[in-house]
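Comments concern the structure below.
Residues take their numbers from the sequence shown, with the count starting at 1. When a ligand or atom number is given, it counts from 1 through the structure's own listing order.
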Amino acid sequence: MAIQLSIGARVRKSPFFEATLADGMVAASVYNHMYMPTSYGDPVSEYNRVINGVAMWDVGVQRQVAIKGPDALKFARYLTPRNLDVLEVGKGRYVPICNFEGILINDPVLLQISDTEVWLSIADSDVALWAGGIAGALGLKVKVFEPDVSPLAIQGPKAVDVAAKLFGDWVRDLGYFGFVETKLKGIPLLVAKSGWSKQGGYELYLKDKKYGSTLWQLVREAGEEFEIGPGAPNYVERVESGLISYGADTDDAINPFELGMDKFIDLDQEYDFIGKKSLIEIRRRGIKRRFMGLIIEGPSFPRTNESPWAVNKKGVDVGYASAAAWSPRVRSNIAVAMISIDAIESKETVEVTTDWGPREAKVVSLPII
Ligand code: THG
């Protein structure tokens, strides 16, 4: 099935849009009301670059929600169950956001920009509306808005060499999620050691959209000797690494404990936060399902699968696999899946209803690699 994507004013374009088109983008999805490139037509090379070389991704869809004003840090503490005692200017943190029922509604990276400003680098849901509404209702002294900021990711083992060539050797010493505000040939940006892969890399947060094509070109030129090429947040690598894709792996009843986010939740902290009462109750009752990996038998899947597949054990429904693919490194089909605790504890195999018929699978913990 080949369909066209209607390009129009209602869905926004990333500042890198023109550059990605010129570089051969052939497929896109929509994320935070913006087109997100998902393929340049060569999935094998795109995977190999992330695993063995370096890839560049237009992730301008990772929108920033800025919270600015005297109450910024106090409000950030109220928005997330994570204990923010660990915050520092120049450090990012992974901070789940729940609603009052304790259901996960986003899983951003929080960047502390200054003593009075934080950014939430969000996944695909409308955090600016949520946070702006709550701040207004509470009468907090903050402005909540989306700044002109768009990340470009470079990911893979050689990303560090590309970043060092662009910015200098100091980038090699950045700690994970550490970031620095700087300029590249006059282009204002923020360089962070982060990214949605476990292969290492950097995210360049462009702070002025008019430089989108210029920045793309500068990265491409610096990466040439390392055989950089365009790609997109890699589907296969993320399943191998067990990275959560909010909206794909999650449903409207999911809580952070089911996703294995326990270490990012502090129910015993002195501060109140949205969802605290509900999460305490959820923890008391215990969870009934958990985010796991699957090793699936049989010949390699001809393509990745992006619509959930039902999982059963002896005909009884035990969950769903939200993303599945052939993994060249595991040399097997694999998936991430929500699986009932009963099925996990039984240690027996399950059956996945794939597009290519039922397949037996073993349940394993994440990450798979
Ligand atoms: N980078 C930036 N913004 C983002 C993402 C990103 N916004 C959307 C989305 N990705 C948010 N979700 C995630 C999910 C996982 C991680 C980061 C953002 C991640 N997780 C590591 C892990 O799970 O192993 C590390 C978590 C930790 O130990 O703190 O990196 O990618 N700018």
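Using a heavy-atom distance under 4.0 Å as the criterion, the protein contacts of ligand 1 are Y31, Q62, Y94, D107, V109, S121, I122, A123, Y176, F177, G195, W196, K198, E203, Y205, L243, F264.
Not a single side-chain hydrogen bond (donor to acceptor under 3.5 Å, both in side chains) links T353 to another residue, sequence neighbours left out. Taking A323 as the reference, Y235, R238, V239, V336 meet the side-chain contact (heavy atoms from CB on, under 4.5 Å) condition, with sequence neighbours excluded. Residues meeting the side-chain hydrogen bond (donor to acceptor under 3.5 Å, both in side chains) test with K207, sequence neighbours left out: E181.
Aromatic ring orientation, F264 versus Y94: perpendicular (interplanar angle above 60°, classes split at 30° and 60°).
Ionic pairing of E237 and K198 is not present here: no N-O contact between side-chain nitrogen and carboxylate oxygen is shorter than 4.0 angstrom. Ion pairing between E258 and K288 fails under the 4.0 Å rule for side-chain N and carboxylate O.
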